Amino acid sequence: MAKHVADCTTLHNGVKMPWLGLGVWKVTDGEQVEHAVSAAISAGYRSIDTAAVYGNEEGVGRAIAGCGVPREELFITTKVWNTDQGYESTLQAFEVSRKKLGLEYVDLYLIHWPVKGKYKDTWRALEKLYKDGLVRAIGVSNFHVHHLEDLLADSEIKPMVDQVEYHPLLSQQELRSFCRSQQIQLEAWSPLMQGNLDNPTLAELGKKYGKSPAQIVLRWDLQNEVVTIPKSVNEKRIIENKDIFDFELSAEDMEKINQLNQNKRFGADPDNFNF
């Protein structure tokens with residue numbers, strides 16, 4: 001079990017990916033994202049998760065360039081947006097993202113959403129980028145089990161990661177079990193339920209362990225072997241979010257959190273999105 005902010009899981013291709021990262025969804029490009037990324041790296045984070053559609057890859061790139069940490073110690077994720085999906089268009093979109101980030105390679109490149117009729121061609125492009133050494137790992141985001149099964153049916157390379165909405169109100173047990181059986185690392189976006197942490201069970205456990213409800217949830221992620229990327233632009237919160245390696249939730253308390261599941265989404269359903 002992870003004991004430190006820079007501790008990693010090992011993906012099925014042998015690449016190491018930090019258990020904890022900083023997400024930058026809805027973080028404005030420029031000073032805001034540069035400050036958040038710089039604060040996170042200063043605090044010991046080594047994983048930063050962005051996407052083409054976030055519009056802040058350039059700011060992330062500037063923060064990386066100026067952080068003073070060797071590139072090989074960082075783990076940078078970005079994603080191809082829906083309107084760029086398809087084989088050739090994905091290859092072009094990757095090159096745009098890579099240049100904006102100012103990087104020679106990206107550590108993890110993801111298909112952002114399972115666009116019907118396109119995600120298989122998009123995946124072939126990711127396989128090419130991987131074989132060409134431009135990305136160290138490839139994966140998907142917002143894929144249900146049936147999307148993964150469809151992709152696995154005729155892909156050459158199995159996704160290394162599936163990044164999905166995952167939190168105590170949406171614990172995705174079937175998907176988690178499937179990913180584990182396939183050696184696909186599950187990763188949580190919106191782990192803190194977009195701030196909807198006002199829950200008596202989380203409050204009670206927070207008091208018991210001397211931690212905030214957010215820290216309880218992030219620890220639950222780690223103990224469920226789910227990579228987690230809480231988003232924040234607040235330096236104090238960024239530091240607080242990584243202060244989760246000095247305690248362990250008991251099996252009984254893990255189960256209390258598991259029981260909170262309501263299959264509730266704060267984001268779109270991957271079977272029904274229109275963007």
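One is the number of the first residue; the rest follow in order along the sequence. Quick caveat, the model's predicted, so the values are computed rather than measured.
A salt bridge between Arg98 and Glu104 is absent, with no side-chain N of the basic residue lying under 4.0 Å from a carboxylate O of the acidic one.
Judged by distance alone, the side chain of Thr90 and the main-chain N or O of Thr122 form no donor-acceptor pair under 3.5 Å. With Arg62 contributing its side chain and Glu31 its backbone, the two residues share no donor-acceptor pair below 3.5 Å. Between the side chain of Lys120 and the main chain of Asp150, a donor-acceptor pair closer than 3.5 Å is present. No donor-acceptor pair closer than 3.5 Å links the side chain of Asp253 to the backbone N or O of Glu248. In this structure, Arg71 contributes its side chain and Leu74 its backbone to a donor-acceptor pair below 3.5 Å. With hydrogens and angles disregarded, no donor-acceptor distance shorter than 3.5 Å links the side chain of Asp84 to the backbone of Ser89. Here the side chain of His144 pairs no donor or acceptor atom with the backbone of His146 at under 3.5 angstrom. Listed for the Lys211 side chain is a donor-acceptor partner under 3.5 Å among the backbone atoms of Asp243. Using a distance-only test at 3.5 Å, with no hydrogens or angles considered, no donor-acceptor pair links the side chain of Ser47 to the main chain of Gly21. Side chain of Gln32 to main chain of Thr28: a donor-acceptor pair is present (N/O by atom type, distance under 3.5 Å, no hydrogens or angles).
Side-chain contact check for Glu57 and Thr78: at least one donor-acceptor pair (N or O, by modelled atom type) lies under 3.5 Å. In the model, Glu165 has no side-chain atom that pairs as donor or acceptor with a side-chain atom of Ser190 under 3.5 Å. Side-chain atoms of Asn241 and Tyr45 include no donor-acceptor pair closer than 3.5 Å. In this structure, a donor-acceptor pair under 3.5 Å is absent between the side chains of Gln92 and Glu88. No side-chain donor from either of Asp49 and Trp25 sits under 3.5 Å from a side-chain acceptor of the other. Side-chain atoms of Arg219 and Gln215 form no donor-acceptor pair, as typed in the model, at a separation below 3.5 Å. For the residue pair Ser155 / Glu127, no side-chain donor-acceptor distance below 3.5 Å is found, with atom types taken as modelled. Side chain to side chain, Thr201 and Lys256 fail the donor-acceptor criterion of an N or O pair below 3.5 Å.
Across all non-hydrogen atoms, the minimal contact from Asn56 to Val33 is ND2-CG2, 4.0 Å. Across all their heavy atoms, Ala93 and Val80 have their closest contact at CB-CG2, 4.1 Å. In terms of heavy atoms, Ala51 sits closest to His112 at CB-CE1, 3.6 Å.
Within 6.0 Å of CD on Glu72 lie more than 12 heavy atoms contributed by other residues, nucleotides or ligands. Annotation: Lys128, atom NZ; neighbour count of heavy atoms from other residues, nucleotides and ligands within 6.0 Å does not exceed 12.
A ring-centre distance under 6.0 Å is found for Trp220 and Tyr166. In this structure, Tyr119 has its ring center at least 6.0 angstrom away from the ring center of Trp113.
Relative to the six-membered ring of Tyr87, Arg124 meets both conditions, a distance below 6.0 Å and an angle of at most 45° to the axis.
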Apply salt bridge (charged side-chain N to carboxylate O under 4.0 Å, His left out) to Lys207 and Glu204, showing your working. CA-CA 5 Å; Lys207 280 183 187 165; Glu204 172 203 325; over 6 Å; no
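Note on ring orientation: taking the six-membered ring where Trp is involved, the planes of Phe247 and Tyr209 are tilted (angle from 30° to 60°).
Inter-residue side-chain proximity for Ile216 and Ile244 is flagged as unmet; no heavy-atom pair is nearer than 4.5 Å.
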